[in-house]
Amino acid sequence: MSGWSLFQDEVRKRLDQLAASGCPDPLFRGHNDSTWKLLPSLSRQLSNPKWHDNKEARLFHAFNDLGAHLIPANSSEWAVLFQMQHYGIPTRLLDWTTTFANALYFALQKSPVSPTVWILNPYELNNLASGQRKMGDMHRAYKKSYIEFLDMPTKPVGAYACVGDNTVARIRHQRGNFTVHGDFHLSLEKYCPDALSKHVLPLDAIEDAKEFLQLAGINEFQIFPDLDGLARYITKLEL
């Protein structure tokens with residue numbers, strides 16, 4: 001049996017286990033290096049000599065103020081934060097998707113070292129974080145705005161899974177969901193290991209995985225449905 005077939009069987013087995021336990025709709029995340037920890041991008045800024053405690057709020061206000069004409073009207077503060085994450089600004093969010101193929105796409109980007117797909121049971125995570133086995137909705141149901149959350153003297157430990165904002169094209173096309181992290185030092189796999197499984201794709205299976213994505217119609221323009229994504233997609237076509 002090929003490495004790609006073994007990988008698919010491993011993933012299917014895990015999905016069957018999750019469905020039997022009451023989680024038919026897990027979340028997926030792709031890394032191109034299996035050694036990367038499940039920590040938000042803002043955690044990597046802590047070692048920056050220019051880091052300061054007000055940095056997170058300043059990033060938010062700069063994006064919200066300068067990009068006001070580009071952000072959909074009446075967006076909540078959390079919805080703005082979701083957009084910041086998708087455009088590469090460091091935040092306390094970690095991207096997830098409801099689609100295995102999308103996660104696999106990201107795992108295969110930028111010369112993968114050990115492409116990996118993580119699978120998360122969001123209900124198990126949220127049960128640990130809040131005592132409720134349901135997906136969170138930060139920009140509609142959560143009582144605190146993002147700035148009110150930042151002003152809390154003590155942030156919640158661990159992380160919390162929440163739905164994305166489908167009014168944003170990138171988030172909608174990537175079937176984006178998120179985990180919101182209260183602690184920049186505690187990785188998700190340490191906080192709630194029972195909610196996670198890690199699946200490393202063998203290097204000899206990369207070409208088969210790429211063929212699978214091509215057949216599934218997963219490409220730059222499908223993932224990034226804007227002119228930037230279209231340009232990258234057309235550049236790779238054999239026209």
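This one's a predicted model, so the numbers in the text were calculated from it and none came from an experiment.
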Might you work through the ring-ring contact (aromatic ring centres under 6.0 Å, His included) test for His86 and Phe178, ending with a clear yes or no? CA-CA 11 Å; His86 266 283; Phe178 303 91; 5.6 Å; yes

Any chance you could measure [X], atom [atom1], to [Y], atom [atom2], to the nearest 0.5 Å?
| X | Y | atom1 | atom2 | value |
| --- | --- | --- | --- | --- |
| Leu93 | Cys162 | CG | SG | 6.5 Å |
| Leu42 | Met84 | CG | CE | 8.5 Å |
| Ile147 | Glu56 | CD1 | CD | 8.5 Å |
| Lys210 | Asn219 | NZ | CG | 14.0 Å |
| Leu104 | Leu201 | CG | CG | 6.5 Å |
| Asn127 | Asp194 | CG | CG | 11.5 Å |

Residues in side chain to side chain contact (heavy atoms under 4.5 Å, CB included) contact with Leu203, at least two apart in sequence or another chain: Pro115, Ile206

Between the side chains of Asp228 and Arg232, is the shortest nitrogen-to-carboxylate-oxygen separation below 4.0 Å, so that they form an ion pair? yes

Asn126 side chain to Gln132 backbone, donor-acceptor under 3.5 Å: no

I'd like to know if the side chain of His181 reaches the main chain of Phe184, judged simply by a donor and an acceptor atom lying under 3.5 Å from each other, with no hydrogens or angles considered. no

According to the interplanar angle, ranging from 0 to 90°, do the rings of Phe82 and Trp78 count as parallel (below 30°), tilted (30 to 60°) or perpendicular (above 60°)? tilted

Quick one: sort the Phe100 and Phe212 rings into parallel, tilted or perpendicular, breaks at 30° and 60°. tilted

Glu148 and Tyr142: side chain donor to acceptor below 3.5 Å: no

Intermediate values then yes/no, side-chain contact (heavy atoms from CB on, under 4.5 Å), Leu125 and Leu188: CA-CA 9 Å; Leu125 173 64; Leu188 200 57; 3.9 Å; yes

